Novice: 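Below you'll find the structure I mean.
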Amino acid sequence: MSILPPTKENIQFAADALREGKLIGLPTETVYGIAAVATNRSAVLSTFDLKGRPAENPLIVHVASMSQVEPLVASIPDSAKNLMAAFWPGPLTIILPKSSLVPDEVTASLQTVAIRMPNHPVARAIIEATNAPLSAPSANRFMSLSPTRAENLAPEIVAGLACVIDGGDCTFGLESTVIDCSDPLQCAILRPGAITRAQIAEVVGSLSLPGTTERRSPGNYRRHYSPRTPLRTVDSLGPNESGIVLDRPSGAHQIQLPNDPVGYGALLYSTLHNLDQLGLTEILVESPPTTPEWEAVWDRIRKAQG
Ligand code: TXA
Ligand code: MG
């Protein structure tokens with residue numbers, strides 16, 4: 001198996017592998033995914049095996065055009081149409097009532113399907129060359145950190161893939177925002193992400209309040225996205241402590257991340273991945289601000305903390 005540069009030939013190789021029912025490593029603007037043709041039940045099932053993911057946790061279907069969306073859904077409420085117009089292609093996943101074309105294996109037998117149109121040019125080229133919608137969960141083993149660069153995919157994941165197409169570092173670095181629009185009267189954010197709650201509220205108006213939607217997303221676990229090393233948030237790090245700081249580092253194993261949520265989010269997973277390789281007893285994270293723009297970063301820090 002190999003990590004391949006995103007040449008035309010390699011994109012065609014990945015598309016052919018997908019059409020044969022194999023899995024590939026897919027770069028997106030959020031995190032790397034494990035792609036399969038979404039209508040191929042056995043390929044979808046092998047995605048769950050490779051991740052060690054419980055079957056009750058549904059997958060996101062990735063498309064490159066609106067004409068690929070329509071056959072997958074029973075209806076598209078106006079709220080969802082407006083969100084698509086505002087944020088697609090991009091890091092927003094929209095949950096809609098599903099059509100019979102979408103296998104139960106993808107949706108964990110829910111009557112809804114999660115759809116996202118990525119804006120990463122390589123992801124789009126692979127979907128177009130395959131000419132099929134692709135299911136793609138993040139390319140991590142269940143509960144571990146999502147990879148934001150090709151070389152951070154775990155060897156046991158890579159072993160199950162026909163190839164990984166290297167699309168470089170993911171620009172957002174946190175998973176997409178997931179919004180449930182299957183109830184046309186009330187959208188609800190199920191997972192905070194790159195597109196903020198404020199940006200979404202500007203388009204759809206009222207949203208269900210944060211904290212009231214946990215039960216609607218089967219994939220929401222308190223611990224998730226974790227390094228193997230235990231992680232704890234603190235007000236500030238002492239000189240010999242290891243982890244992530246916002247100001248200038250004062251120790252050998254301190255890594256400074258930008259004091260803005262977009263720059264911080266882009267580097268969080270790769271930084272945790274690097275710290276996780278050092279054999280530390282604990283990773284300390286200096287608490288970032290708690291203002292609303294930091295919601296997605298805080299969600300991932302809490303889930304890494306368990
Ligand atoms: O940024 C992303 O979204 C990445 C890249 C690869 O596109 N994908 C990703 O997939 O994060 P995954 O499988 O790791 O997370 C999908 C989330 C899960 O929390 C799952 O429960 C939720 O989306 N989800 C999927 N379908 C759903 C549905 N029908 N109803 C509610 N939640 C759903
Ligand atoms: Mg994931």
Side-chain angles (χ1 to χ4, degrees), residues 27-32 86-87 90-93 118-120 138 140 144-149 151-152 167-179 189-203 207 210-211 222-278 280-306:
T28 83
E29 69 276 25
T30 57
V31 299
Y32 277 73
F87 301 115
L92 181 70
T93 295
N119 68 20
H120 195 295
S138 51
N140 53 313
S144 30
L145 290 173
S146 302
T148 56
R149 39 179 69 145
E151 61 270 28
N152 288 1
D169 288 2
C170 302
T171 48
F172 286 104
L174 298 180
E175 297 82 353
S176 61
T177 305
V178 177
I179 184 160
I189 292 177
L190 304 188
R191 178 175 74 183
I195 307 282
T196 65
R197 190 173 291 278
Q199 285 174 291
I200 288 177
E202 245 176 68
V203 175
L207 278 165
R222 198 166 70 85
R223 183 185 169 88
H224 210 153
Y225 316 121
S226 302
R228 284 161 306 163
T229 316
L231 179 150
R232 188 160 58 93
T233 50
V234 292
D235 289 338
S236 62
L237 273 69
N240 292 316
E241 293 178 323
S242 306
I244 296 177
V245 293
L246 292 160
D247 283 324
R248 188 183 305 224
S250 60
H253 295 317
Q254 296 190 3
I255 300 176
Q256 182 181 14
L257 289 187
N259 202 342
D260 77 276
V262 175
Y264 190 108
L267 295 171
L268 176 62
Y269 285 156
S270 57
T271 303
L272 289 176
H273 180 95
N274 292 342
L275 288 166
D276 214 13
Q277 310 303 310
L278 298 176
L280 305 169
T281 51
E282 194 174 35
I283 296 171
L284 298 182
V285 176
E286 184 181 343
S287 293
T290 51
T291 44
E293 325 78 82
W294 289 84
E295 182 185 10
V297 165
W298 266 110
D299 175 74
R300 301 315 189 271
I301 291 176
R302 282 196 198 96
K303 284 177 171 156
Q305 196 160 212

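Since the structure is predicted, the reported quantities are computational estimates derived from the model, not experimental observations.
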Novice: Is it the case that the side chain of Glu282 and the backbone of Arg232 share a donor-acceptor pair, with hydrogens and angles ignored and the cut-off at 3.5 Å?
Specialist: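 Checked: no pair found.
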Novice: Can you tell me if CD on Glu202 sees more than 12 non-hydrogen neighbours from other groups inside 6.0 Å?
Specialist: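 No, the 6.0 Å shell around CD holds no more than 12 heavy atoms from other groups.
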Novice: To check you understand the geometry: which heavy-atom pair defines the closest contact between Val297 and Pro261, and what is its length?
Specialist: CG2-O, 3.8 Å
Novice: Apply side chain to side chain contact (heavy atoms under 4.5 Å, CB included) to the pair Leu190 and Ile179, showing each step before the final yes or no.
Specialist: CA-CA 6 Å; Leu190 304 188; Ile179 184 160; over 6 Å; no
Novice: Could you tell me which residues satisfy side-chain hydrogen bond (donor to acceptor under 3.5 Å, both in side chains) with Tyr269, sequence neighbours excluded, listed by chain and number?
Specialist: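 Tyr269: side-chain hydrogen bond (donor to acceptor under 3.5 Å, both in side chains) contacts with Glu175, Arg300.
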Novice: With a 4.5 Å heavy-atom cut-off, do Leu278 and Leu275 have their side chains touching?
Specialist: yes
Novice: Just to verify, what does Thr93 make a side-chain hydrogen bond (donor to acceptor under 3.5 Å, both in side chains) with, not counting sequence neighbours?
Specialist: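 Partners of Thr93 by the side-chain hydrogen bond (donor to acceptor under 3.5 Å, both in side chains) criterion, ordered by chain and then number, come out as Ser176.
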Novice: What are the two closest non-hydrogen atoms of Pro91 and Thr30, and how far apart are they?
Specialist: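 Where Pro91 meets Thr30 most closely, the heavy atoms are CB-CG2, 3.5 Å.
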Novice: Which atoms form the tightest heavy-atom contact between Ser226 and Ala304, and what is the distance?
Specialist: OG-O, 3.5 Å
Novice: I'd like to check the side-chain contact (heavy atoms from CB on, under 4.5 Å) partners of Ser144; sequence neighbours left out, ordered by chain and number.
Specialist: Asn140, Arg141
Novice: Going by the rule salt bridge (charged side-chain N to carboxylate O under 4.0 Å, His left out), which residues pair with Asp260 if we only count those two or more places apart in sequence or in a different chain?
Specialist: none
Novice: Atom CG in Asn152, atom NE2 in His273: separation rounded to 0.5 Å?
Specialist: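 Atom-to-atom, Asn152:CG and His273:NE2 are 3.5 Å apart.
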Novice: Ignoring hydrogens and angles, write down the donor-acceptor pairs under 3.5 Å from the side chains of residues 235-252, residues two or more places apart or on other chains.
Specialist:
residue	atom	partner	partner atom	Å
Glu241	OE1	Gly238	N	2.6
Ser250	OG	Gln254	OE1	3.4

Novice: From Leu92 CG over to Ile200 CD1, what is the distance, rounded to the nearest 0.5 angstrom?
Specialist: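 Here the rounded value is 5.0 Å.
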Novice: How about Thr148 and Tyr32: do any of their side-chain heavy atoms sit closer than 4.5 Å?
Specialist: no
Novice: Can you name the nearest heavy-atom pair linking Leu280 to Thr229, along with the distance?
Specialist: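 In terms of heavy atoms, the two residues are closest at O-CG2, 3.3 Å.
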Novice: What distance separates Ile195 CD1 from Leu174 CG, expressed to the nearest 0.5 Å?
Specialist: 12.0 Å
Novice: What distance do Asn274 atom CG and Ile255 atom CD1 have between them, rounded to the nearest 0.5 Å?
Specialist: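 Going from CG on Asn274 over to CD1 on Ile255, the span is 6.0 Å.
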Novice: Just verifying a value: how many Å separate Leu272 CG and Leu231 CG, rounded to the nearest 0.5 Å?
Specialist: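 Rounded to the nearest 0.5 Å, the CG-CG separation comes out at 6.0 Å.
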Novice: Is it the case that the side chain of Asp276 and the backbone of Arg228 share a donor-acceptor pair, with hydrogens and angles ignored and the cut-off at 3.5 Å?
Specialist: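 Yes; at least one donor-acceptor contact below 3.5 Å.
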Novice: Which atoms form the tightest heavy-atom contact between Val31 and Ser138, and what is the distance?
Specialist: CG2-CB, 3.8 Å
Novice: Under 3.5 Å, side chain of Gln199 to main-chain N/O of Thr196, donor-acceptor pair present?
Specialist: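 Side chain of Gln199 to backbone of Thr196, a donor-acceptor pair under 3.5 Å: yes, one is there.
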Novice: Do Pro192 and Thr177 touch side chain to side chain, with heavy atoms closer than 4.5 Å?
Specialist: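 The answer is no, as the side chains (C-beta and beyond) never meet within the 4.5 Å cut-off.
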Novice: With side chains defined as the heavy atoms from C-beta onward, is the minimum distance between Glu293 and Arg197 less than 4.5 Å?
Specialist: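 Not in contact.
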Novice: Residues in ring-ring contact (aromatic ring centres under 6.0 Å, His included) with Tyr264, at least two apart?
Specialist: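 ring-ring contact (aromatic ring centres under 6.0 Å, His included) check on Tyr264 returns Trp294.
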Novice: Please walk me through it: do Thr291 and Trp298 pass side chain to side chain contact (heavy atoms under 4.5 Å, CB included)?
Specialist: CA-CA 10 Å; Thr291 44; Trp298 266 110; over 6 Å; no
Novice: Counting C-beta onward and ignoring hydrogens, is there a side-chain heavy-atom pair between Ile301 and Pro288 closer than 4.5 Å?
Specialist: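 With C-beta onward as the side chain, the pair touches.
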Novice: Would you mind reporting whether Val178 and Ile189 have side-chain heavy atoms less than 4.5 Å apart?
Specialist: no
